[in-house]
Undergrad: 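Let me give you the structure first, and then I'll get to my questions.
Counting from 1, the numbers follow the sequence of the chain as shown.
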Amino acid sequence: MMESNNGGFWQRGVAFFIDKIILYFISLILFFMGILAMSLGFQSYGFVFSTETLTEVTGTFVISYYIMTILLNVMYFTYFHGTTGQTLGKKALGLKVVQSTGEPMTLGIAFLRWVGYIISGLIFYLGFIWIAFDRKKQGWHDKIAGTCVIKIRPSSKMLDKSSEIG
């Protein structure tokens, strides 16, 4: 039985989870830096806020933080996929994103793939679940961008067979 060179559903899921943990900690640091900057700014200027003003400032901060986390997400996935084909999570699991033709990724294709993430997640994450059932192990975002995820490390089964031969 021949083993597929495409990254499977569970491997890709774990890699994505690792990436999301990394992004979570970065965004948490940014959140606390923002809170600290706001509190220092209020203290240094001696502001006294009414409840209305405080609610407005807090709302602005939350919206700014949310936009920043989206931009961080776009930059992380676009940069790593576009330059090396691997995010830190994919690198840890020996996976790499390439174009379906086998050519390396570009920043433009990586951005298109990130937009495909949105589409893949719209309806109960069906575009991601699709990976488990697709013959080529492609999610909707892969199909949109013309990419596939491949294994760059030989699997343990392949290593066992090569040691028997050599």
Side-chain angles (χ1 to χ4, degrees), residues 7-100 103-132 134 137-150 152:
F9 175 78
W10 291 111
Q11 288 176 308
R12 291 176 65 174
V14 170
F16 190 72
F17 182 70
I18 291 169
D19 292 330
K20 285 302 196 174
I21 288 173
I22 292 166
L23 286 168
Y24 171 75
F25 281 112
I26 293 170
S27 67
L28 200 61
I29 291 167
L30 290 174
F31 178 79
F32 285 120
M33 286 173 50
I35 294 290
L36 181 64
M38 274 183 25
S39 68
L40 290 175
F42 295 153
Q43 288 174 0
S44 66
Y45 291 109
F47 284 119
V48 178
F49 288 108
S50 66
T51 306
E52 245 177 57
T53 309
L54 189 59
T55 303
E56 186 177 311
V57 169
T58 304
T60 302
F61 173 74
V62 169
I63 290 169
S64 299
Y65 171 73
Y66 184 69
I67 291 170
M68 181 58 72
T69 59
I70 291 171
L71 290 174
L72 179 65
N73 194 299
V74 171
M75 290 187 308
Y76 178 86
F77 285 104
T78 301
Y79 174 77
F80 281 113
H81 284 150
T83 56
T84 64
Q86 293 179 291
T87 59
L88 299 175
K90 283 185 179 65
K91 188 174 208 134
L93 291 178
L95 300 172
K96 185 173 186 174
V97 182
V98 295
Q99 295 183 47
S100 294
E103 296 175 55
M105 293 286 288
T106 65
L107 290 172
I109 292 172
F111 178 73
L112 179 61
R113 190 172 190 275
W114 182 85
V115 171
Y117 276 179
I118 296 169
I119 295 166
S120 287
L122 278 179
I123 306 168
F124 306 113
Y125 295 94
L126 190 57
F128 293 104
I129 296 168
W130 193 265
I131 296 165
D134 188 74
K137 301 296 181 196
Q138 290 177 301
W140 292 354
H141 49 284
D142 291 312
K143 294 190 182 291
I144 289 168
T147 61
C148 59
V149 177
I150 60 169
I152 57 171

Undergrad: Checking Gln99 side chain against Thr147 main chain: does a donor-acceptor pair fall under 3.5 Å?
TA: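 Checked: no pair found.
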
Undergrad: Can we call the ring centroids of Tyr24 and Phe17 under 6.0 Å apart?
TA: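 When the ring centroids of Tyr24 and Phe17 are compared, they turn out to be at least 6.0 Å apart.
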
Undergrad: Which heavy atom of Lys137 sits nearest a heavy atom of Asp142, and at what distance?
TA: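 The pair with the smallest heavy-atom distance is O-OD2, 4.3 Å.
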
Undergrad: Nearest 0.5 Å please: distance from the CG atom of Leu28 over to the CG atom of Leu23.
TA: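 Rounded to the nearest 0.5 Å, the CG-CG separation comes out at 12.0 Å.
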
Undergrad: Is a donor on one side and an acceptor on the other found under 3.5 Å between the side chain of Gln86 and the backbone of Leu95?
TA: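 Pair found, side chain donor or acceptor close to backbone of Leu95.
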
Undergrad: For the residue pair Asn73 and Trp114, confirm or rule out a side-chain donor-acceptor distance under 3.5 Å.
TA: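 Short answer, yes.
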
Undergrad: Can you measure from OG1 (Thr58) to CD1 (Ile35) and round to the nearest 0.5 angstrom?
TA: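 If I round to the nearest 0.5 Å, the distance is 7.5 Å.
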
Undergrad: Does Ile129 reach the side chain of Phe124, with side-chain heavy atoms less than 4.5 Å apart?
TA: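 No, their side chains stay 4.5 Å or more apart.
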
Undergrad: Can the ring centroids of Phe31 and Tyr66 be said to lie less than 6.0 angstrom from one another?
TA: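 Centroid distance Phe31-Tyr66: not below 6.0 Å, so no.
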
Undergrad: Show your reasoning for whether side chain to side chain contact (heavy atoms under 4.5 Å, CB included) applies to Glu103 and Ile109.
TA: CA-CA 11 Å; Glu103 296 175 55; Ile109 292 172; over 6 Å; no

Undergrad: Is Ile123 atom CD1 crowded by more than 12 heavy atoms from other residues, nucleotides or ligands, each under 6.0 Å away?
TA: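 No, not enclosed.
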
Undergrad: Distance check, rounded to the nearest 0.5 Å: Leu112 atom CG versus Thr78 atom OG1?
TA: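 With rounding to 0.5 Å, CG (Leu112) is 10.0 Å from OG1 (Thr78).
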
Undergrad: Go through Val97 and Phe77 one step at a time and tell me if the side chain to side chain contact (heavy atoms under 4.5 Å, CB included) criterion holds.
TA: CA-CA 11 Å; Val97 182; Phe77 285 104; over 6 Å; no

Undergrad: Please check if atom CZ in Phe111 has more than 12 non-hydrogen atoms from other residues, nucleotides or ligands closer than 6.0 Å.
TA: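 Atom CZ in Phe111 is not crowded, with 12 or fewer foreign heavy atoms closer than 6.0 Å.
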
Undergrad: Given the rule in the side chain to side chain contact (heavy atoms under 4.5 Å, CB included) test, do Lys143 and Asp134 qualify, once you have shown the distances and angles that lead to the verdict?
TA: CA-CA 11 Å; Lys143 294 190 182 291; Asp134 188 74; 3.1 Å; yes

Undergrad: Do you know which two heavy atoms are closest between Leu107 and Gly82, and how far apart they sit?
TA: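 For Leu107 and Gly82, the tightest heavy-atom pair comes out as CD2-CA, 3.8 Å.
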
Undergrad: List the steps, then state whether side chain to side chain contact (heavy atoms under 4.5 Å, CB included) holds for Ile144 with Val115.
TA: CA-CA 9 Å; Ile144 289 168; Val115 171; over 6 Å; no

Undergrad: Where is the tightest heavy-atom contact between Ser120 and His141, given as atom of each residue plus distance?
TA: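 Ser120 and His141 have their closest heavy atoms at OG-ND1, 2.9 Å.
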
Undergrad: Could you pull out the closest heavy-atom pair between His81 and Ala110, with the gap in Å?
TA: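 Reported closest heavy-atom pair: CB-CB, 3.8 Å.
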
Undergrad: Show the nearest heavy-atom pair for residues Tyr76 and Leu88, with the distance to one decimal.
TA: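 Answer, listing the atom of Tyr76 first, then Leu88: OH-N, 3.4 Å.
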
Undergrad: Using ring centroids (six-membered ring only for Trp), state whether Phe128 and Tyr117 fall under 6.0 Å.
TA: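 Yes, the ring of Tyr117 comes within the 6.0 Å limit of the ring of Phe128, centre to centre.
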
Undergrad: Give a yes or no answer on whether the side chain of Thr87 reaches the backbone of Phe80 with a donor-acceptor pair at less than 3.5 Å.
TA: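 No: the side chain of Thr87 does not pair with the backbone of Phe80.
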
Undergrad: Identify the two heavy atoms, one from Gln138 and one from Ser100, that lie closest to each other, and give their separation to 0.1 Å.
TA: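 Scanning both residues, the minimum pair turns out to be NE2-OG, 3.6 Å.
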
Undergrad: Rounded to the nearest 0.5 Å, what separation is found between the NZ atom of Lys90 and the CZ atom of Arg12?
TA: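 Lys90 NZ to Arg12 CZ: 6.5 Å, rounded to 0.5 Å.
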
